[in-house]
Amino acid sequence: MSAISGGYKYLNKFFPDDFIKSLTEDNHSYRLLIDEDPRANVWRQEIDDCLELAYRYNLVDADLEGRLKKGDWEMWEAAINELRVAKTFEKAFGSDCLRWHPKGHEKKVGEFELVLGKTDKPIFIEVKTVFPRELGRLEERVMEKLRGFAEQVPIAAFLSVHIASLGKTESFSGKKFKMFLARELSSLNPDDLTHKSIQLPDYKDDNTGLHLKIETLPITPNKEETTSHIGVIGGEARFSGAQEHAKHSLARAYEQLPKRKQPCLVILCPSTAVPIKEHAMLNALLGSLSYRVYQSTGEKAKVPKPEAFRKLDGFYHPQRNRQLSATGLYLAGYKINGIEQELEIYHNPFVLNPLSQSLFKGKGVRQLVKKNDQEMEWIE
């Protein structure tokens, strides 16, 4: 008799008895498989359905088993979200709508194509779960590299660095950063470096999006000191809100998109630690909401109302990220009697290969679409 009660065929197949007996209470799978809380039955049924899809499409391999059995919460949630989203598309478009292993991509889970007709171009879909620790870990790696590169610049100076924007990866150009520091520091009076703070020009890496604000500190180095050091370094990643987390996950997902001419859809799945709602998505995609306030020029002049507009700091932009057709926000909430699922689609007004608005018509999906050159609107 299986250790998992309730007759869950695929849970029992994926998690054999000997594995369940080896679990400790701190393993993420423990509650799913052993907890007798009635609410866990809803969770078990959903995971059983997801595993059914994985077996049906031959997605169960060492990688998926490792992600679901290791006990790491982030790995678990990311893997299950990918299967959840695939099940959502099957429910909306039928069991034969998915094509795994897209050409040129090796990942078994997380990327697939939505195929709806023989003449229609398949829609490439990438699923990303948004985690709070991801930006923190990236910030630490960037800081470590910045310190290492600064120490290779043969000019004695102490620097304070503020990370205005982390970008999408730590793979910024160390050579360019060192050349920048050497050029800017060599142009300064050495005496000034020891007596006052000096603001250097901002450093920006176009490939990764790293943006630094750098200031020299008035500290006298030791006589034998011949290199630069970063004495104080700070960043904003740990204080960032949901929209920054969403943009970062989108930037990582964008690197996975194919370059061929086909619609591409990225589905963001907020983790339980990073709730993302409509407001954060609008700021992340379309830009931060701001207001213009006008001044009157005479005593009787009528003062116009403040005008709302969005800055060009969103992921959707007329000069970049135009391969992304749309972004989906997938939300799931557990209830005693079942799971509430919601999918919203935010279309890119600057896209090269658009996703048809009619695709989700009648599927219970809210869509934000382009109304005109200045406005977007919600449709059902």
Taking the six-membered ring of Tyr203 as reference, does the cationic atom of Lys213 (NZ for Lys, CZ for Arg) lie under 6.0 Å from its centre and within 45° of its axis?
no

Begin with the C-alpha distance, continue with both residues' side-chain angles, and end with the deciding distance and a verdict on side chain to side chain contact (heavy atoms under 4.5 Å, CB included) for Phe93 and Phe360.
CA-CA 9 Å; Phe93 300 105; Phe360 293 98; 4.0 Å; yes

List the atom of Lys370, the atom of Gln357, and the distance in Å for their closest heavy-atom pair.
O-NE2, 4.5 Å

Would you please test Gln262 and Lys121 for side-chain hydrogen bond (donor to acceptor under 3.5 Å, both in side chains) and show each step?
CA-CA 6 Å; Gln262 71 177 119; Lys121 290 184 179 179; over 6 Å; no

Do Glu170 side-chain atoms and Met143 backbone N/O form a donor-acceptor pair below 3.5 Å?
no

Aromatic ring pairing Trp73/Phe131, orientation class (parallel under 30°, perpendicular over 60°, tilted between):
perpendicular

Salt-bridge criterion met for Arg137 and Glu74 (N-O under 4.0 Å)
yes

Salt bridge Arg67-Glu82, side-chain N to carboxylate O under 4.0 Å
yes

Residue pair Phe14 / Glu65, side-chain heavy-atom distance below 4.5 Å
yes

Side-chain contact, heavy-atom cut-off 4.5 Å: Tyr10 with Ile47?
no

Counting the benzene-type ring for Trp, do Phe315 and Phe350 have ring centres under 6.0 Å apart?
no

Main chain of Leu193, side chain of Thr216: is a donor-acceptor contact present, judged purely on distance under 3.5 Å?
no

Backbone N or O of Asn353 within a donor-acceptor pair of the Ser325 side chain at under 3.5 Å?
yes

Are Phe15 and Phe19 an aromatic pair, judged by ring center distance below 6.0 Å?
yes

May I have the step-by-step check of side-chain hydrogen bond (donor to acceptor under 3.5 Å, both in side chains) for Asp313 and Ser288, ending in yes or no?
CA-CA 7 Å; Asp313 59 356; Ser288 304; 2.8 Å; yes

Using modelled atom types only, decide if a donor and an acceptor are shared between the side chain of Asp205 and the backbone of Ser173 within a distance under 3.5 Å.
yes

Keeping Asn12 on the side-chain end and Tyr8 on the backbone end, is there a donor-acceptor pair under 3.5 Å?
yes

Stepwise side chain to side chain contact (heavy atoms under 4.5 Å, CB included) check, Ile214 with Ile230
CA-CA 10 Å; Ile214 306 174; Ile230 294 179; over 6 Å; no

Working for side-chain hydrogen bond (donor to acceptor under 3.5 Å, both in side chains), residues Asp191 and His195:
CA-CA 7 Å; Asp191 291 336; His195 291 93; 5.4 Å; no

NZ/Lys87: more than 12 non-hydrogen atoms of other groups inside 6.0 Å:
yes

Under a 3.5 Å cutoff, is there a donor and acceptor pairing between the side chains of Tyr254 and Gln323?
no

Any donor-acceptor N/O pair, Ser249 side chain to Ala246 backbone, under 3.5 Å
no

Nearest heavy-atom pair of Ile155 and Ser186: which atoms, and what distance?
CD1-N, 3.7 Å

May I ask you to decide if Leu200's main-chain N or O and Glu215's side chain share a donor-acceptor pair within less than 3.5 Å?
no

Qualifying residue, where the test is salt bridge (Lys or Arg N to Asp or Glu O under 4.0 Å) with Arg366 and the options are Glu377, Glu344, Glu342:
Glu344

